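What you see is a predicted model, and the numbers here were worked out from it, not measured in a lab.
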Amino acid sequence: MVSELAGTLTKEKIDIASLKEAFLHPKGEPAPVKFGTSGHRGALGTGFCALHAKAIAQAVARLHKERNIAGPILVGGDTRVVSQDTAALCAQVLAGNGLPVILPDMAVPTPVFSYEILSGRACASLNGTASHNPPQDMGLKYNPSNGGPADAELTACIEKYANECLKDPSQIKEISLDEARQQGLVRGADVLNPYVTALGKIIDFKAIKKAGLKAAIHPLGGASLKFYEAIKERYGLDNLEIVDKTIDPSFSFIPLDHDGKIRMDPSSQYPMSPLIKLVESGKYDFAGASDPDADRFGCATKKGGLISPNHALCVMADYLLKNRREGNTIGRTLGTTALLDRIALANQAKLEEVNVGFKYFVRGLVRRKYVLAGEESAGMSLSGWTTEKDGILAVCLLLEIMSKQGDIADQYKELTRLYGTPCYTRIDVPTDDVAKQKIKALKKEDFSNLYTVAGERVTGVRDTDGIKVYLQSSWFLVRPSGTENILKFYAESFLGEKHLARIIEEGQKIINA
């Protein structure tokens with residue numbers, strides 16, 4: 001159900017001072033450290049506080065010492081209310097354990113942490129962010145030497161060590177930043193220019209400049225602002241305009257999302273409504289946006305309005321397979337459109353389906369397997385680039401494609417003419433921990449007597465991340481959220497909206513049974 005406030009600006013005053021106070025002095029016991037698909041996250045206060053930041057940093061320090069991981073750790077955050085405070089606390093703890101730290105004096109996008117690690121200037125990173133979630137939330141991500149989100153083995157170890165520190169904070173060692181700098185343990189670094197320079201080897205900025213499309217860019221108040229400014233200047237993109245340079249940790253200038261909450265989601269029509277209006281007015285041909293830590297993308301065009309991430313991924317995959325074939329595999333997550341499968345087949349490429357979470361793409365990206373790795377929640381990267389989602393790359397790539405081949409909406413329409421039109425949905429169903437555990441416990445053997453759904457034959461069942469049922473021309477997936485009390489129900493059909501509705505109805509009955 002969509003809130004009547006969706007798309008409007010908040011009238012609620014977000015008290016930044018109170019959020020900082022909750023971070024520094026939470027009322028109650030801090031919640032245990034628990035890593036989701038990418039890092040620990042919670043509401044400021046008992047969900048995420050200064051002690052969480054210190055405990056996770058101490059856990060990382062212990063991990064590095066035990067495993068003899070050498071080299072500086074890049075520490076930073078985005079533009080959230082306590083991102084820089086979180087980074088400073090992490091730096092103090094790492095330095096207190098004698099580990100070298102790189103602490104840039106600017107907000108750092110998530111993909112830039114990955115780029116710096118893969119470039120050899122850092123051995124790992126700690127990143128203070130809660131991505132696109134409401135301003136009252138905060139989190140901390142750890143990326144190891146492969147530059148991508150940490151895998152389950154590493155996060156389990158960090159969780160264990162960090163939770164020991166929560167119970168006994170005396171285990172945490174720290175020194176002041178001034179002392180750390182005097183000892184040479186903490187230093188700054190330029191993380192902007194190396195990334196922007198390298199991006200010019202991946203994106204055809206000459207073609208973008210030549211085409212002269214009028215492009216509107218919105219950083220959504222995030223860490224990508226300085227990077228988009230540098231891209232515009234470095235590559236002479238006079239027709240690219242950054243339409244909102246506001247940096248405000250309350251994010252009160254972002255229209256409310258579908259549920260009436262501030263959520264800086266570049267793939268949602270409500271936060272993106274100002275950009276959509278700009279392209280619909282005809283003032284701009286293309287509009288692109290990244291969320292606060294710039295790991296997600298969104299775009300809108302004059303002909304198509306807001307482009308679904310699934311549609312954008314299909315256009316990018318087809319373009320890359322035809323024009324820039326490094327790797328011969330499209331990687332997609334369980335909940336991402338199967339139109340990518342058909343595009344891969346038509347281009348004589350492979351398709352690999354992985355569990356939800358970008359960490360499952362890391363090994364393939366390192367091995368340069370994927371021409372594109374993407375997920376329906378607006379995350380993507382390429383082989384030879386970052387092993388993290390990169391919203392800046394995605395926006396620039398979509399602008400390149402549009403500069404060369406026309407409106408993204410027209411290109412997607414042509415793909416559906418060739419390969420079929422998928423009808424897709426994702427429904428969030430409120431639930432509780434008991435129901436989530438039941439879903440987690442389901443195995444494909446539990447569906448051995450399931451032969452048909454919505455008139456189609458069942459061709460397979462996967463149980464690695466929730467339950468996914470494959471049909472002849474459709475599929476559905478149900479999986480519990482790692483951070484909220486909801487079940488996520490995905491479904492897609494190439495047989496039309498009515499068939500999709502049948503899948504939703506019958507699929508939910510099957511899971512409930």
Side-chain angles (χ1 to χ4, degrees), residues 1-16 18-19 22 36 41-45 47-48 79-81 129-139 218-222 243-244 246 248-280 287 289-293 296-300 304-311 335 376-379 391 423-433 435-436 478-491 497 500-501 504-505 508:
M1 184 175 178
V2 176
S3 167
E4 61 182 14
L5 298 175
T8 67
L9 294 178
T10 184
K11 295 179 181 177
E12 175 189 350
K13 181 178 178 358
I14 296 173
D15 191 338
I16 298 299
S18 294
L19 292 178
R41 192 175 78 221
L44 284 167
F48 189 93
T79 54
R80 288 178 170 272
V81 59
T129 179
S131 191
H132 62 293
N133 292 286
Q136 297 88 347
D137 289 0
M138 186 54 193
H218 199 324
L220 297 181
V243 294
D244 194 330
T246 306
D248 174 1
S250 76
F251 294 97
S252 56
F253 61 100
I254 303 294
L256 298 170
D257 204 359
H258 64 92
D259 54 1
K261 294 181 179 180
I262 297 176
R263 189 178 287 104
M264 298 70 73
D265 182 355
S267 64
S268 173
Q269 62 178 308
Y270 303 106
M272 285 285 283
S273 55
L275 271 182
I276 297 170
K277 289 176 182 175
L278 285 176
V279 292
E280 287 180 344
S290 308
D291 64 337
D293 72 319
R296 298 181 185 229
F297 70 91
C299 81
L306 184 66
I307 304 295
S308 157
N310 271 327
H311 297 187
E376 55 82 28
S377 54
C423 300
Y424 179 98
T425 191
R426 191 190 104 180
I427 303 169
D428 291 344
V429 183
T431 189
D432 54 32
D433 287 335
K436 287 169 70 173
V478 60
R479 56 181 297 274
S481 168
T483 55
E484 301 173 87
N485 271 339
I486 58 172
L487 293 176
K488 297 181 178 182
F489 188 96
Y490 307 74
E497 292 288 352
L500 178 66
I504 294 168
E505 180 182 358
Q508 288 184 334

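Looking at heavy atoms from C-beta onward, T79 lies in side-chain contact with F251 at the 4.5 angstrom threshold. Using a 4.5 Å cut-off on side-chain heavy atoms (C-beta onward), R80 and M264 make contact. A heavy-atom distance below 4.5 Å is found between the side chains of V429 and Q508. With a 4.5 Å cut-off on side-chain heavy atoms, D265 and D291 do not count as touching. Annotation: side chain of P255 is in contact with side chain of L9 (closest heavy-atom distance under 4.5 Å). The shortest distance between side-chain heavy atoms of I14 and I262 falls below 4.5 Å.
The minimum heavy-atom distance between P292 and L220, with the atom names listed, is CG-O, 4.2 Å. Across all non-hydrogen atoms, the minimal contact from P266 to M272 is O-CG, 3.2 Å. Considering every non-hydrogen atom in both A6 and Y270, the closest pair reads CB-CD2, 3.7 Å. Among all heavy-atom pairs drawn from C299 and L306, the shortest one is O-CD1, 3.5 Å. Pairing each heavy atom of L44 with each of V81, the nearest pair is CD1-CG1, 3.6 Å.
In this structure, the separation between CG on L19 and OG on S250 is 9.5 Å, given to the nearest 0.5 Å. Going from atom OG of S268 over to atom CZ of R296 covers 11.5 Å, rounded to the nearest 0.5 Å. Note that CD of Q136 and OG of S18 are 11.0 Å apart. Values are rounded to the nearest 0.5 Å. With values rounded to the nearest 0.5 angstrom, H132 atom NE2 is found 7.0 Å from S267 atom OG. Here CD1 of I307 is found 9.5 Å from CD1 of I276. Values are rounded to the nearest 0.5 Å. If you take CG on L5 and NE2 on H258, they are separated by 13.0 Å, rounding to the nearest 0.5 Å.
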- Item | Criterion side chain to side chain donor-acceptor pair (under 3.5 Å) on T246 and D244, from CA distance to verdict | CA-CA 6 Å; T246 306; D244 194 330; 2.5 Å; yes
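Each of I254, L256, D137, D257 was scored for a side-chain contact (heavy atoms from CB on, under 4.5 Å) with R263, with one residue passing: D257.
In this pair, Y424 and Y490 present their aromatic rings perpendicular. The plane angle is above 60°, beyond the 30 to 60° band.
N133 and S131 share no side-chain donor-acceptor pair at under 3.5 Å. There is no side-chain donor-acceptor pair under 3.5 Å between N310 and S308.
D15 and K13 are not joined by a salt bridge, as no carboxylate oxygen comes within less than 4.0 angstrom of a charged side-chain nitrogen.
Atom NZ of K488 sits in a crowded spot, with more than 12 heavy atoms from other residues, nucleotides or ligands closer than 6.0 Å.
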